[in-house]
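Source: prediction; values computed, not measured. We name chains A, B, ... by the order of the sequence lines, and we start the count at 1 in each one. Values below: every heavy atom of this structure, side chains too, minus hydrogens, waters and symmetry copies.
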Amino acid sequence: MKSQLTPVRIETAQGTFTAFFSDKGLAQLDFPAQKTESCHRSTLAPSSPPPAKIRLWTRQTRAALDAIFAGQKCSERPPLDWSAGTPFQKRVWSILTSIPAGRTLSYGEIAEKLKSPAAARAVGGACGANPIPVIVPCHRVLAANRKLGGFSGGLDWKRKLLAAENVVDLSS
DNA sequence: CACTCGATCAGCG
DNA sequence: CGCTGATCGAGTG
C-alpha cells in the first residue's frame with residue numbers, strides 16, 4: 001500500500017507550516033509558504049478516514065514547534081517517518097534529534113560520532129536532505145569555526161531558531 | 001562503473 | 001581573509 005501523504009496546515013507563532021503525514025507518522029514539514037496557494041493537490045483522505053491518529057500527530061507536531069520556538073525542549077513529539085532516507089541519513093538524523101535545545105554541534109563532530117571523521121561534508125549533505133526541519137533540529141549544526149554554515153529553509157530561519165534558544169555565539 | 005556536486009575542514013599565503 | 005586539496009555520500013547517465 002502506497003502510503004500517500006496527508007497534508008495538514010499547522011499554525012504557529014512563526015507562521016503556518018505544512019506537515020505531511022504518512023501512515024507511519026510525520027514524513028515531511030514545510031516552512032510557511034510565502035504566497036503559494038497551490039494546494040490543489042488531489043483531495044486525499046476524502047470521506048471515511050476519520051484520522052484520529054492524524055489529529056493526535058498534528059497536535060503533537062504543533063506542540064513540538066511551539067516548544068522549540070520558545071527555546072524549550074520539546075517533550076512531546078510525533079512519530080517520525082524516515083523511511084525515505086538512506087541508512088547513512090537516518091544515522092545522522094538520529095544524532096540530530098539527540099542534540100538538546102540550546103546546544104550546537106559542528107558537522108565534523110557529528111562525523112566523529114559516526115566514526116567517520118572525514119565524512120563531515122557528507123554529514124552536511126544529510127542535513128540538507130532532512131525532510132523535517134525544526135523538529136529534527138538541523139539548525140543546531142554549525143560549521144567548525146562557529147560560523148552559520150547553511151540552511152535549506154533559508155539562513156534567516158536558522159538565525160531565528162538559534163536566537164530563540166539563546167545561541168548567539170555566531171561569529172559572523 | 002565513472003563522474004559531479006555539496007549546509008565541510010584544515011592548511012597555507 | 002581567500003584559495004586549495006582531501007574525503008565521503010548521493011544522484012545521474
Which is true for A:Gly128 with a 4.0 Å heavy-atom rule: it touches a base, it touches only sugar-phosphate, or it touches nothing?
base
State which of C:dC8, C:dA10, B:dA7 makes the closest approach to the side chain of A:Ala119.
C:dC8
Only pairs with both distances under 3.5 Å count, Watson-Crick or wobble alike; so what is the partner of B:dA7 in this structure?
none
Nucleotide nearest A:Phe88 (side chain, heavy atoms from C-beta), chosen from B:dA7, C:dA10, B:dC9
C:dA10
Let's see if you can work this out: which of C:dC8, B:dA7, C:dA10 has an atom nearest to the side-chain heavy atoms of A:Ala122?
C:dC8
Hey, mind stepping through A:Val141 and A:Val123 against side chain to side chain contact (heavy atoms under 4.5 Å, CB included) and telling me if it holds?
CA-CA 10 Å; A:Val141 185; A:Val123 169; 5.5 Å; no
Touch class at under 4.0 angstrom, heavy-atom based, for A:Ser116 against every strand present:
nothing
Nearest of B:dC9, B:dG6, C:dA10 to any side-chain atom of A:Arg121?
B:dG6
Rounding to 0.5 Å, atoms CD (A:Glu112) and CG (A:Leu105) come to a distance of 10.5 Å
Would you say the side chain of A:Ser152 and the base of B:dA7 hold a donor-acceptor pair, judged only by whether the two atoms sit under 3.5 Å apart?
yes
A cation-pi test, strictly: NZ or CZ of A:Lys160 under 6.0 Å from the centre of the six-membered ring of A:Trp157 and no more than 45 degrees from its axis. Yes or no?
yes
Name the nucleic acid region contacted by A:Tyr107, choosing base, sugar-phosphate or nothing; use a 4.0 angstrom heavy-atom cut-off, strictly under.
base
